[in-house]
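Read through the structure below, which is laid out as structure tokens, and then see the notes.
Read the numbers this way: they start at 1 and go in the same order the structure lists the ligands and their atoms. Here the structure is a predicted model, which means the values were calculated and not measured.
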Amino acid sequence: MRITAEGLTWAVADRRIVADVGLDIAPGETVGLIGPNGSGKSSLLRCLAGLRAPTAGSVAYDREPIGGWSSRRIARHVAFVEQAADTDSDLRVADVVGLGRTPFGDRWRGPDARDRAVVAAALARLGLTELRDRPWKALSGGERQRAHIARALAQQPYAILLDEPTNHLDVKHQLQLLGLLAATDQTVLIALHDLSLAARYCDRLLLLHGGRLVAAGPPRDVLTPPLLAEVFEVDALTAPDALGHLTVTYRGVAPTPLKEPR
Ligand SMILES: Nc1ncnc2c1ncn2[C@@H]1O[C@H](COP(=O)(O)OP(=O)(O)OP(=O)(O)O)[C@@H](O)[C@H]1O
């Protein structure tokens, strides 16, 4: 599914948190959303997921503006894995993953055989089959994170939006998750702080700064030392690692320009 935005702006009390963003994410693309803390990544994702009505501009799925869509219709197209999402603590893991089937269900009946098969497949893809009957409150942070991603997969969306999904995961599960997302046919937009992982797994990167999209393109075009210095305020260089993957190495924080003497 193609996701587009034109002139997308979301403001709170005259402060533009997402400012005039235009983007076009092709079906099946894996796109990384990068930018410093507070640059507007979560806010942009929430607008694209239909959870926030833009102050100006529009979001479209396959060229159809989603402005008037119900949340159920949106959920049949896009799954959103929020940062630090919380869930009712009385549920078991399989119940939480089963919430991904809600947009397809009939509220008068429980899950059918197909729902159960989809949930089992999603649990297996995230390596959670053995934990399926565990109470939610007994899971570690990383296990919860993986269960939220399994819930998104169980939704069988055309596109998945994820807000820093690797932040609780150990190295193996980071690599597994990003490999899974890069390999899927679904359209993927993923906010990431690790720029080397973003470069390795994403086809393209979108760089946000102060709510504005300041660069978009293949990782080697976006992760340039001048842009890293300007946007992230770090002194960094990029080079292929031993395996040939583009990596970012940090010399340190960019030197603060000296203030002019009065
Ligand atoms: N509901 C709100 N009301 C007022 N300000 C908000 C609201 N939501 C977000 N902001 C502000 O908008 C800015 C962008 O926030 P957002 O969470 O989108 O950034 P982010 O790039 O995802 O940051 P991080 O990397 O720290 O997660 C921040 O300064 C934040 O405080």
Side-chain angles (χ1 to χ4, degrees), residues 3-25 30-59 66-67 71 74 78-87 141-142 144-146 148-149 152 159-169 173-174 177-178 181 187-202 204-217 219 222-224 227-236 248 250 252-254:
I3 300 177
T4 47
E6 281 177 21
L8 185 62
T9 298
W10 182 67
V12 177
D14 287 347
R15 181 180 161 214
R16 300 206 305 167
I17 289 165
V18 176
D20 199 21
V21 168
L23 54 80
D24 183 354
I25 303 174
T30 302
V31 174
L33 181 60
I34 58 172
N37 290 143
S39 55
K41 301 179 296 296
S42 304
S43 304
L44 174 60
L45 287 174
R46 291 179 69 82
C47 291
L48 295 175
L51 295 178
R52 270 191 185 140
T55 315
S58 61
V59 174
I66 63 163
S71 51
I74 288 173
V78 166
F80 184 29
V81 181
E82 292 211 63
Q83 210 178 340
D86 208 2
T87 304
R144 286 184 191 192
Q145 190 98 332
R146 280 154 55 209
H148 277 301
I149 293 154
I160 311 179
L161 311 180
L162 305 102
D163 196 354
E164 293 170 37
T166 53
N167 62 358
H168 284 111
L169 300 188
H173 289 110
Q174 290 188 30
L177 171 67
L178 293 173
L181 293 171
T187 308
V188 174
L189 178 62
I190 172 170
L192 285 170
H193 276 302
D194 186 320
L195 302 180
S196 297
L197 285 180
R200 176 165 169 179
Y201 287 99
C202 298
R204 272 195 310 138
L205 299 179
L206 305 178
L207 175 58
L208 275 188
H209 187 30
R212 292 191 167 277
L213 190 58
V214 294
V222 174
L223 298 175
T224 62
L227 263 180
L228 293 171
E230 184 192 327
V231 173
F232 289 95
E233 300 175 16
V234 291
D235 182 4
V248 182
Y250 303 98
V253 174

Taking the side chain as every heavy atom from C-beta outward, state whether [X] and [Y] have any pair of such atoms under 4.5 Å apart.
{"X": "R212", "Y": "R16", "value": "yes"}
{"X": "L23", "Y": "L44", "value": "yes"}
{"X": "E82", "Y": "L51", "value": "yes"}

- Test salt bridge (charged side-chain N to carboxylate O under 4.0 Å, His left out) applied to R204 - qualifying residues, sequence neighbours left out: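 With sequence neighbours excluded, R204 shows a salt bridge (charged side-chain N to carboxylate O under 4.0 Å, His left out) to E29, given in chain and number order.
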- Minimum-distance pair of heavy atoms, taken over all atoms of G142 and L169: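 Closest approach of G142 to L169: O-CD2, 3.5 Å.
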- Query: Hey, which residues fall under 4.0 Å of ligand 1 on heavy atoms?
  - Reply: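 The 4.0 Å shell around ligand 1 contains W10, V12, R15, I17, P36, N37, G38, S39, G40, K41, S42, S43, Q83, E164, H193.
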- Task: Answer yes or no: is there a donor N or O on one side and an acceptor on the other, between the side chain of T30 and the main chain of C202, under 3.5 Å?
- Result: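 Flag not set: sc T30 to bb C202 has no pair under 3.5 Å.
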